[in-house]
Amino acid sequence: MVSRTVFFVIILISECGRIFAYKRKFPNNFSFGAATASYQIEGGWNASDKSENIWDDLTHNTNLVVDKTNGDVACNSYNLYKRDVEMLTELGVDFYRFSLSWSRILPTGFSEKISDDGLKYYNAIIDNLLEANVTPIVTIYHWDLPKSLQDLGGWTNPLMADYFADFSNVVFEAFGDRVKTWLTFNEPLVFCQQGYGGMGKAPALNLTGVGEYLSAHTVLKAHAKVYHLYDENFRPAQKGRISMTISGQWYEPDTDSPEDLEAALVAEQFDVGWFGHPIFSKEGDYPNAMKERIMKRSEEQGYTKSRLPEFTAEEIEYIKGTYDFLGLNHYTTYSVKANGETNFVEPSFEHDRGVKVFQEATWPSSASSWLKVVPWGFTKMLKWIRSNYANPEVMVFENGFSDNGTTDDQDRINYHRLYLNAMLDAVDSGCNITAYTVWSLMDNMEWLRGYTELFGLYRVDFNDTERKRTPKSSAFYYRDVIKDRAVEHVKNKDDDDFDISLLL
Ligand code: GBH
């Protein structure tokens with residue numbers, strides 16, 4: 001009798017333990033990484049024969065960076081890359097996603113002169129990573145265009161597609177024996193919309209209504225050209241994979257009125273759809289929502305044709321399907337309302353889109369005004385991609401949270417715990433997701449926000465000439481997630497179909 005009671009008590013305790021310690025497993029072969037970008041971490045802005053890029057130019061010659069800082073030294077990864085690799089080993093990540101500084105490799109912007117020191121630097125990183133058993137994943141372009149090419153019009157110049165292909169050819173030849181996953185562009189929407197349409201990124205041209213569409217048009221052609229270049233000339237021998245990584249925020253309709261639902265659909269097509277539809281959809285080309293709206297406004301404004309350039313039928317075919325997986329950077333969610341207004345007089349992206357976008361006051365905030373913690377939006381974004389683009393393999397190449405730099409960063413841990421669960425909700429519903437990446441490995445130069453909004457798993461002491469790196473609490477947290485290949489279960493709002501029997 002006694003032994004029976006003891007037996008049941010033991011069972012009860014162990015069951016409780018199982019339930020409270022319950023962790024959700026990631027799919028087999030799922031991989032984890034951390035990401036950075038050249039301008040944000042390297043420093044060495046004028047090392048050896050490197051020439052100026054548009055971020056050197058912007059930070060040195062304008063007042064646009066809030067704390068008047070720059071990336072001249074940044075994290076000094078130009079010299080400290082071995083410590084970076086050591087940190088990646090401490091975390092136990094499967095891969096490291098970093099980007100190449102174009103003007104470090106090709107000081108004139110063109111491929112007639114290749115910098116030995118530029119190649120040497122990236123060869124050293126790649127070799128150190130491989131020795132440490134960390135897979136390199138390379139972004140060819142993360143926003144730091146050589147100034148010499150900006151002087152020729154930057155991405156609004158259609159010939160940039162050729163120059164970008166020349167640059168890509170150089171890096172495939174130099175690194176492709178060891179790099180097997182390539183991203184042509186990081187978040188083209190962001191640098192086209194904010195850099196050419198607005199002033200939120202270099203080159204800060206503020207040409208909204210035309211500039212963002214022209215630059216995006218070249219970028220899409222440049223991406224396709226480089227995909228085909230890799231596919232035809234390098235893939236047979238190098239056997240790697242290539243795509244781009246697009247930014248995708250979720251747009252939640254404010255109410256379920258048909259007008260708000262339509263507004264949310266339009267907002268998503270002006271976001272993910274702008275680059276997603278031409279590449280990942282069955283039909284190719286820009287989404288109808290963009291073509292129709294921009295055409296209509298352009299006509300109303302007296303333009304002779306749409307401010308959105310048109311692709312020829314051959315171009316649509318040439319761009320369509322130029323991916324081996326879909327790279328997604330996701331951070332946050334917006335609410336969307338239909339805009340009652342009809343008088344869209346100004347030629348602008350805002351007026352072309354014509355919806356009201358905002359964030360709910362109840363959504364928890366971060367150090368970045370735009371970044372609210374809305375994990376269920378991630379699930380919906382992933383499900384949207386699954387149903388709109390025929391369930392492609394999705395690799396999440398950025399997800400992260402900003403604060404003021406504390407080392408006991410519980411809010412960051414909470415963010416990643418919630419977003420990892422949101423991602424697993426999407427996996428449970430049939431999304432084919434194979435990778436997750438934390439932005440960022442370490443605190444770094446957050447573009448126009450300087451060093452005021454920090455995303456790192458490692459703290460970097462920017463007052464210390466040694467740029468000492470220290471793991472934050474979130475680094476230990478992420479290390480454990482990777483080691484366990486599992487995360488504590490948290491129920492998100494969009495998790496209604498979660499089956500309690502999974503607990504047992
Ligand atoms: C990523 O972009 C970048 O790839 C990375 O370099 C960067 O450090 C990281 O995020 C953190 O920001 O118009 O001021 O309201 C993130 C996507 C989309 C975030 C546009 C900022 C606009 C902010 N970005 N968004 S604002």
Side-chain angles (χ1 to χ4, degrees), residues 33-42 53-55 58 64-66 69 71 74-75 77 97-101 137 139-145 183-202 204 206 208 212 244-251 267-268 270-272 274-275 327-335 348-350 353 357-359 363 365-374 377-378 381 395-403 405 412 415-416 419 437-457 460:
T36 61
S38 46
Y39 184 75
Q40 295 179 276
I41 66 160
E42 286 178 3
N53 62 45
I54 55 174
W55 279 93
L58 179 146
L64 292 171
V65 180
V66 286
T69 56
C75 306
S77 288
R97 176 183 165 227
F98 62 98
S99 80
L100 306 174
S101 164
I137 295 189
T139 315
I140 301 173
Y141 185 80
H142 198 129
W143 305 356
D144 44 358
L145 191 71
L183 298 165
T184 52
F185 289 97
N186 178 69
E187 300 185 350
L189 177 139
V190 174
F191 72 83
C192 291
Q193 190 194 347
Q194 297 187 26
Y196 292 80
M199 297 186 71
K201 298 283 179 294
N206 209 17
T208 191
E212 61 275 78
M244 72 160 60
T245 192
I246 56 176
S247 55
Q249 346 233 32
W250 178 247
Y251 294 90
E268 199 62 83
F270 271 77
D271 187 327
V272 170
W274 188 358
F275 292 85
L328 176 71
N329 296 2
H330 176 88
Y331 289 84
T332 198
T333 286
Y334 290 87
S335 283
S348 75
F349 180 87
E350 271 311 304
R353 186 174 61 167
V357 166
F358 60 99
Q359 288 176 310
W363 293 345
S365 53
S366 68
S368 306
S369 60
W370 54 273
L371 207 181
K372 309 289 180 209
V373 185
V374 194
F378 192 18
M381 181 77 264
M395 302 179 85
V396 175
F397 277 128
E398 281 183 34
N399 178 238
F401 178 86
S402 64
D403 60 20
R412 177 167 295 104
Y415 177 94
H416 285 291
Y419 274 72
T437 314
V438 171
W439 182 271
S440 175
L441 173 62
M442 63 192 139
D443 292 343
N444 59 53
M445 205 287 178
E446 178 58 16
W447 309 113
L448 295 194
R449 309 305 300 169
Y451 299 88
T452 64
E453 298 171 17
L454 301 165
F455 284 81
L457 295 170
V460 176

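These figures come from a predicted structure and were not determined experimentally. Heavy atoms only: backbone and side chains are in, while hydrogens, waters and symmetry mates are out. Every number for a ligand or one of its atoms is a count from 1 in the order of the listing.
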Could you tell me whether the side chains of [X] and [Y] share a donor-acceptor contact shorter than 3.5 Å?
X      : Y      : value
Thr36  : Gln40  : no
Ser99  : Ser38  : yes
Asn399 : Tyr331 : no

Query - ring-ring contact (aromatic ring centres under 6.0 Å, His included) partners for Phe349, two or more places apart - result: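 Listed in chain order: Phe270, Trp274.
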Report task. Mind jotting down which residue pairs meet the salt bridge (Lys or Arg N to Asp or Glu O under 4.0 Å) criterion with at least one end in residues 447-456? Sequence neighbours excluded, please. Result ->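 Residue pairs with at least one partner in residues 447-456: Arg449-Glu453.
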Requested in this report: Spell out, as yes or no, whether a donor-acceptor pair under 3.5 Å connects the side chain of Asn206 to the backbone of Ala204.
Outcome: no
For [X] and ligand 1, does the shortest N/O to N/O distance drop below 3.5 Å?
X      : value
Ser247 : no
Glu446 : yes
Asn186 : yes
Asn444 : no

Requested in this report: Report yes or no: does His142 have a heavy atom closer than 4.0 Å to ligand 1?
Outcome: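 Yes, that is the case, since the closest heavy atom of the residue is under 4.0 Å from the ligand.
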Look at [atom] and say which protein heavy atom is nearest, naming residue and atom and giving the distance to 0.1 Å.
atom                    : result
atom 2 (O) of ligand 1  : Glu187 OE1, 2.7 Å
atom 18 (C) of ligand 1 : Val190 CG2, 3.8 Å
atom 9 (C) of ligand 1  : Tyr331 OH, 3.3 Å
atom 21 (C) of ligand 1 : Trp370 CE2, 3.4 Å

Requested in this report: Evaluate the side-chain proximity of Glu187 to Glu398: yes if any heavy-atom separation is below 4.5 Å, no if none is.
Outcome: yes
Report summary line: Min over Gln193, Gln40, Gln194, Glu398 of heavy-atom distance to atom 25 (N) of ligand 1 lands on Gln194
